[in-house]
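A quick write-up on the structure given underneath.
Please read these numbers as outputs of a predicted model, since none were measured by experiment.
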Amino acid sequence: MVEQDLTLHAGQDFDITYVVPPDSDMTLGQYKGACKIRKRPYDNMILELHSVVESKQVRFFISGQESAEKKIKGGDYIYDAFLYNDERWLKLGQGTITIVSDISMHE
């Protein structure tokens, strides 16, 4: 699992990618991805990133247009990222995500 602090500028495309180490024979094709952002662990979800799972990597992303339309108040939030299927959950990463409300991208 990777602990990493990130910054998301509302109105700018954002993504994070997790890659299987080159020496691993693990493949990810049987998994789905989940990455959610909240103010605190049990608060309502602020944003959910889309995921694309490939054989050796998973990419979580949100478009700048979508993040701007959410009109999220800037500040520090938390996120975590998982791969899952019917049999297994794998936590890939977690940390703080600072959201910057770029004012030109809002009405």
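- Going from atom CD of E3 over to atom OG1 of T96 covers 9.5 Å, rounded to the nearest 0.5 Å.
- Across all non-hydrogen atoms, the minimal contact from C35 to Y79 is SG-CD1, 4.2 Å.
- To the nearest 0.5 angstrom, Q30 atom CD is 9.0 Å from L83 atom CG.
- Placement of L90 and V2 within a single hydrophobic cluster is found when ILVMFWY residues are connected by side-chain heavy-atom separations under 4.5 Å, directly or transitively.
- In this structure, CD on E48 lies 9.5 Å from CD1 on I62, to the nearest 0.5 angstrom.
- For NZ of K91, the number of neighbouring non-hydrogen atoms (other residues, nucleotides, ligands) closer than 6.0 Å is greater than 12.
- Residues V53 and L49 fall within the same hydrophobic cluster, defined by Ile, Leu, Val, Met, Phe, Trp and Tyr side chains chained together at heavy-atom separations under 4.5 Å.
- Side chain of K39 to backbone of I46: no donor-acceptor contact under 3.5 angstrom is found.
- Rounding to the nearest 0.5 Å gives a distance of 9.5 Å between OH of Y84 and CG of D86.
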Checklist entry - Could you walk me through whether T27 and K56 pass the side-chain contact (heavy atoms from CB on, under 4.5 Å) check? => result CA-CA 6 Å; T27 58; K56 293 291 187 178; 4.2 Å; yes

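- Closest approach of S101 and A10 over heavy atoms only: CA-CB, 4.3 Å.
- Under the 4.5 Å side-chain criterion, counting only non-hydrogen atoms from C-beta, E66 is not in contact with F14.
- No option in D43, L8, L6, I72 other than I72 meets the side-chain contact (heavy atoms from CB on, under 4.5 Å) test with Y77.
- One distance of note links CD1 of I97 with CZ of R38; it measures 13.5 Å at 0.5 Å rounding.
- Note that CG of D76 is 4.0 Å distant from OG1 of T98, once rounded to the nearest 0.5 Å.
- Under the 4.5 Å side-chain contact rule for hydrophobic residues, V58 and V20 share a cluster.
- Considering all non-hydrogen atoms of both residues, S67 and G11 come closest at OG-N, 3.0 Å.
- Among all heavy-atom pairs drawn from A81 and F60, the shortest one is CB-CE1, 3.8 Å.
- F61 and H50 have tilted rings, their planes meeting at an angle from 30° to 60° on a 0 to 90° scale.
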Checklist entry - How far apart are the C-alpha atoms of L28 and Y18, what are their side-chain angles, what is the distance that settles it, and do they pass the side-chain contact (heavy atoms from CB on, under 4.5 Å) test? => result CA-CA 11 Å; L28 308 179; Y18 295 94; over 6 Å; no

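- Side-chain contact between D13 and D15: absent, with no pair of heavy atoms (C-beta onward) separated by less than 4.5 Å.
- Remark: side-chain polar atoms of D80 are not paired, donor with acceptor, to backbone N or O of Q94 under 3.5 angstrom.
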